[in-house]
Amino acid sequence: MIDIRSLEIKEICELSEALGEKAFRGKQISEWLCRGASSFGEMTNLPASFRAKLEESCRISGLEVLRRLKSKDGTQKFLYGLDDGNAIETVFMKYKYGNSICISSQAGCRMGCVFCASGKNGLSRDLTPGEMAGQIQVTQALCCGEGERISHVVVMGTGEPFDNYENVRKFVRLINQEKGLGIGHRNITISTCGIVPRIADMASDMPQVNLAISLHAPNDAIRRGIMPIANKYPVSELIDACRSYAEKTHRRVTFEYAVTKGVNDSDECIRELASLLRGMLCHVNLIPLNPIEEGALESPGRKRAEEIREMLESLGIPATVRRTLGSDIDASCGQLRLSQSSRDTI
Ligand code: SAH
């Protein structure tokens, strides 16, 4: 069965013709998908005979709302059930510049970062391009009013996007289509734990898409203790790849740094971080660590994160402390999905 969500508009048009219909029917199908349709039955402007044919050969990958949490600040978190019983998280956020969404790229994750809840049960499977685009289509239909849309996308939910590169690349093509969701490359950010060869691939395949690197440490000794991927790619290689990326694309690289008490938050660490990044077109996004289990890694608090920001700025590295949205529906980074796996009812 062909998953129609994973097809570009021109491919849906070709499919319509192959099924004996006019090509423009493909555009109608795409419009329905963008409006969050989950079945061919809803597509009432298609002839019934065509809908029946579609049902025989195609499917629309499902995203069933298992849980929906609404914050006072407008943030909404969704736990979507997929057709095979996997569950993934999606977060909708309202910013001054528009509506933004954080999508998942895999069900689970095999990167094993010690501070992150998403990888605690390992990788279940890659998401298809359609399941990634579907998170935007369905969430937009649920959260946006008439004439309102999701304009910004971050691939920062569960999963490692560079461990599912080809599907992420097709996903970017899907959501960029002008007659589809129409999300510009400059409004898309892909965040990676640092699978180095894919950084150069991204620079040539989608040079306008923003790159964010989960760095979290200024050297291999600290990074290897919290991120297994650092055993494969040393910090020096990662930073070299980022420097080449910035030179080639003229795009600013974002470095995410989860500030963790006693691990990476000393003045010495921050000075080392500043010299590592000096001279690169970049920006550091400090995230006070969100603890995932009792008694393990801790946050030194927002005040320390602010001090670190000032220190970095004084050393010539632009830095911000990430705004925390949706703190009253706290379920960050895979926590919703984890809690679901130990729960029977919703
Ligand atoms: N695999 C990708 C994208 C998903 S994680 C990546 O590693 O970038 C999105 C961001 O949240 C990453 O920067 C990740 O390191 C960070 N993160 C994960 N768990 C966290 C936690 N408990 N507290 C703060 N940030 C966390």
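Heavy atoms only: backbone and side chains are in, while hydrogens, waters and symmetry mates are out. Order of appearance sets the numbers: ligands from 1, and atoms from 1 within every ligand.
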May I ask you to list the atoms of ligand 1 that are less than 4.0 angstrom from any heavy atom of H216?
13 (O), 14 (C), 15 (O)
Classify the side-chain pair S314/E310 by whether it contains a donor and acceptor separated by less than 3.5 Å.
no
Aromatic rings F115 and H216: how do their planes relate, parallel, tilted or perpendicular, breaks at 30° and 60°?
perpendicular
Taking NZ, NE, NH1 and NH2 as the nitrogens, is one of them in E21 or K53 under 4.0 Å from a carboxylate oxygen of the other?
no
Please identify which atoms of ligand 1 are closer than 4.0 Å to at least one heavy atom of L289.
23 (N)
Which class fits the ring pair Y165 and F162: parallel under 30°, tilted 30 to 60°, perpendicular over 60°?
perpendicular
Counting only heavy atoms, which portion of I213 has something under 4.0 Å from ligand 1: side chain, backbone, both, or neither?
neither
Within the structure, does R322 bring an N/O atom to less than 3.5 angstrom of an N/O atom in ligand 1?
no
Return a yes/no value for F115: is any of its N or O atoms, backbone included, closer than 3.5 angstrom to an N or O of ligand 1?
yes
With atoms numbered from 1 as shown, which atoms in ligand 1 lie under 4.0 angstrom from a non-hydrogen atom of C193?
6 (C), 7 (O), 8 (O)
Answer yes or no: is there an ion pair linking R309 with E306, defined by an N-O contact shorter than 4.0 Å?
yes
Heavy atoms only: which of C102, C116, A258 is nearest to atom 19 (N) of ligand 1?
C116
One finds that the ligand 1 atoms under 4.0 Å from a non-hydrogen atom of S214 are 6 (C), 7 (O), 8 (O), 12 (C), 13 (O), 14 (C), 15 (O)
Consider every N or O of G159 and every N or O of ligand 1, then say whether any pair is closer than 3.5 Å.
yes
Which atoms of ligand 1 sit under 4.0 Å from any heavy atom of G157?
4 (C)
Residue pair S71 / Q76, side-chain donor-acceptor N/O under 3.5 Å
no
Whether R5 and E131 form a salt bridge (side-chain N of Lys/Arg under 4.0 Å from carboxylate O of Asp/Glu) is what I want to check.
no
Counting each atom of ligand 1 from 1 as listed, which ones have a heavy atom of E256 under 4.0 Å away?
10 (C), 12 (C), 13 (O)
Does a donor on one side chain and an acceptor on the other come within less than 3.5 Å for Q106 and N164?
no
